[in-house]
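Remarks on the structure that follows.
Being a predicted model, the structure only gives us computed values, none of them experimental. In what follows, chains are A, B, ... by sequence order, proteins preceding strands, each numbered from 1.
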Number of protein chains: 2
Amino acid sequence: MMSEKSYTVGRLAADTGIKAVTIRYYEKIGLLPKASRSESGYRLYSEADYSRLLFIRRSRGLGFSLDDIRELLSLADRQQDSCAGVDAKVEQQLEQVRSRLKDLRAMEQELERLSACCDGGAIMDCRIVETLSGEAAHNRRAKCS
Amino acid sequence: MMSEKSYTVGRLAADTGIKAVTIRYYEKIGLLPKASRSESGYRLYSEADYSRLLFIRRSRGLGFSLDDIRELLSLADRQQDSCAGVDAKVEQQLEQVRSRLKDLRAMEQELERLSACCDGGAIMDCRIVETLSGEAAHNRRAKCS
DNA sequence: ACTAAGGGTTATAGTAACTATAAGGTCAAT
DNA sequence: ATTGACCTTATAGTTACTATAACCCTTAGT
């Protein structure tokens with residue numbers, strides 16, 4: 001007797017913080033099911049779609065790829081199965097994040113070192129340029145920390 | 001009287017650790033100058049090309065984009081100019097890296113928290129799935145640290 | 001001289017996760 | 001009726017490569 005409330009794509013976008021274009025894109029790649037349509041052809045979304053989108057958004061926030069999320073969603077859909085698969089994916093993602101952290105920390109250190117190297121002279125005397133050019137650490141005591 | 005030694009693309013690749021395809025790609029997008037050619041059409045590279053490639057590789061290692069590197073190279077080429085531009089770019093990159101670090105650290109924390117949540121039951125009881133589904137922190141004392 | 005392996009050459013398409021653009025249809029309000 | 005804000009589609013661009021195909025060159029071995 002009462003129809004469920006439905007969202008247009010723009011409404012869903014506003015409510016979830018995911019842009020309308022992106023929502024359509026998710027539909028196109030099959031991450032979201034095809035939305036039902038109004039008479040005039042507008043997409044109409046249900047509460048279930050809304051939840052699914054939130055799931056996607058949270059997962060993206062944790063750095064999962066869309067392919068990972070596709071898997072997560074299908075794992076999460078099998079309510080009575082073990083959650084070992086989900087747990088494994090979280091673990092895997094954690095490792096990946098840590099590995100990227102390691103790389104970035106190394107970059108940060110090196111950039112800090114370089115940054116401390118510059119004393120504002122000309123390019124030809126610039127330690128930064130020297131370092132980037134590959135004349136690795138030889139005598140950088142003089143001007144660098 | 002003596003011609004400089006020159007590298008083929010594969011040799012340069014082996015020496016710099018940048019793949020031959022990538023070297024050709026760098027030439028195509030103008031990051032490397034057009035290489036001279038042997039009679040049969042093979043690319044021939046000089047020491048200068050070698051240095052330039054090393055510069056690119058080190059900069060990539062610091063997370064600079066190819067566009068940034070293009071700028072860095074052109075800055076570095078003006079030997080008598082001030083190195084302020086280079087310094088600024090390093091500073092900028094440092095900021096970017098730090099911002100990405102911040103994001104990743106947040107992801108790491110949240111993933112750690114999630115990972116600790118799983119007690120190996122069924123999906124329908126899984127705290128991870130619950131959390132991802134957006135039912136934010138309500139009563140997670142029970143099973144989560 | 002012939003051949004096969006291991007170089008090199010080009011052009012084109014695919015990757016991830018969108019973003020931008022164009023060209024148009026719909027809806028609510030004035 | 002017209003404006004403005006929404007919706008629709010399709011296509012191309014982004015980053016930094018990687019993969020593929022189809023072909024040419026060089027060199028070592030028989």
Side-chain angles (χ1 to χ4, degrees), chain A residues 6-32 34-45 49 52-53 55-73 92-93 96-97 100 103-104 107, chain B residues 5-32 34-46 49 52-53 55-73 92-93 96-97 100 103-104 107:
Chain A
S6 61
Y7 310 75
T8 63
V9 76
R11 194 67 222 289
L12 194 58
D15 286 5
T16 60
I18 295 182
K19 293 186 193 151
V21 272
T22 304
I23 295 174
R24 289 192 206 103
Y25 169 71
Y26 286 167
E27 176 178 320
K28 190 155 95 179
I29 64 171
L31 203 55
L32 287 176
K34 298 228 168 204
S36 61
R37 300 296 182 117
S38 75
E39 287 180 7
S40 60
Y42 282 23
R43 282 176 182 79
L44 293 179
Y45 294 96
D49 296 316
R52 203 168 170 89
L53 247 191
F55 187 105
I56 295 172
R57 196 180 59 138
R58 292 222 77 207
S59 304
R60 288 294 291 144
L62 294 173
F64 284 103
S65 73
L66 294 186
D67 266 0
D68 284 337
I69 295 174
R70 203 190 302 276
E71 268 193 73
L72 280 175
L73 282 166
Q92 208 180 71
Q93 180 63 17
Q96 241 200 56
V97 164
R100 276 194 276 157
D103 291 349
L104 277 174
M107 289 185 199
Chain B
K5 60 186 160 187
S6 60
Y7 311 75
T8 63
V9 75
R11 194 69 221 288
L12 193 58
D15 286 5
T16 59
I18 295 183
K19 294 185 192 151
V21 272
T22 304
I23 295 174
R24 291 193 206 102
Y25 169 70
Y26 286 168
E27 176 179 320
K28 190 155 94 177
I29 64 169
L31 204 55
L32 287 176
K34 299 228 167 204
S36 61
R37 299 295 181 119
S38 75
E39 287 178 9
S40 60
Y42 282 23
R43 283 175 182 77
L44 294 177
Y45 294 97
S46 65
D49 295 317
R52 204 168 169 89
L53 246 192
F55 186 104
I56 294 172
R57 197 181 58 137
R58 292 222 77 207
S59 304
R60 287 295 291 144
L62 295 173
F64 284 103
S65 72
L66 294 186
D67 265 0
D68 282 336
I69 295 174
R70 203 191 301 276
E71 267 193 72
L72 280 173
L73 282 166
Q92 208 180 73
Q93 180 62 16
Q96 240 199 57
V97 165
R100 275 193 276 156
D103 292 349
L104 278 173
M107 289 184 199

Separation of D:dC25 P from B:Glu39 CD (nearest whole Å) | 12 Å
Ignoring backbone atoms, test whether B:Ser40 places a side-chain nitrogen or oxygen under 4.0 Å from the OP1 or OP2 oxygen of D:dC24.
-> no
Base, sugar-phosphate, or nothing: which does A:Arg24 touch, judged by heavy atoms less than 4.0 Å apart?
-> base
Do the side chain of A:Arg57 and the main chain of A:Thr16 share a donor and acceptor less than 3.5 angstrom apart?
-> yes
Mind listing the closest non-hydrogen atom pair of A:Leu66 and A:Arg60 along with its distance?
-> CD2-CD, 3.5 Å
Between D:dT18 and B:Lys19, is there an OP1 or OP2 to side-chain N/O distance shorter than 4.0 Å?
-> yes
A:Tyr42 has a side chain; which of C:dG25, C:dT9, C:dA17 sits nearest to it?
-> C:dG25
Have a look at B:Thr8 and say if it touches a base, only the backbone sugar-phosphate, or nothing, with a 4.0 Å heavy-atom cut-off.
-> sugar-phosphate
Give a yes or no on whether a salt bridge exists between B:Arg52 and B:Asp49, defined as a side-chain N under 4.0 angstrom from a carboxylate O.
-> no
Contact class for A:Arg43 vs. all strands (heavy atom < 4.0 Å): base, sugar-phosphate, or nothing?
-> sugar-phosphate
Give the rounded distance in Å between these two atoms: CZ of B:Arg11 and C1' of C:dG6.
-> 16 Å
To the nearest angstrom, the CD1-P distance between B:Ile23 and D:dC17 comes to 12 Å
What is the distance from NZ of B:Lys34 to P of C:dT9, rounded to the nearest Å?
-> 13 Å
In whole angstrom, what separates B:Leu12's CG from C:dT9's P?
-> 11 Å
Can you tell me how far C1' of D:dC6 sits from CZ of A:Arg37, to the nearest Å?
-> 15 Å
Do the side chain of A:Ser59 and the main chain of A:Phe55 share a donor and acceptor less than 3.5 angstrom apart?
-> yes
Within this structure, what is the CG-to-C1' distance between B:Leu31 and D:dT15, rounded to whole angstrom?
-> 13 Å
Starting at the 5' end of DNA chain C, which residue's closest nucleotide do you reach first, A:Ser38 or A:Thr22?
-> A:Thr22
Rounded to whole Å, CD of A:Gln96 lies from C1' of C:dA16 at a distance of 13 Å
Using the closest heavy atom to pick a nucleotide of DNA chain C for each, name whichever of B:Gly41 or A:Val21 lands nearer the 5' end.
-> B:Gly41
So, is B:Tyr26 near the phosphate of D:dC17, with a side-chain N or O under 4.0 Å from OP1 or OP2?
-> yes
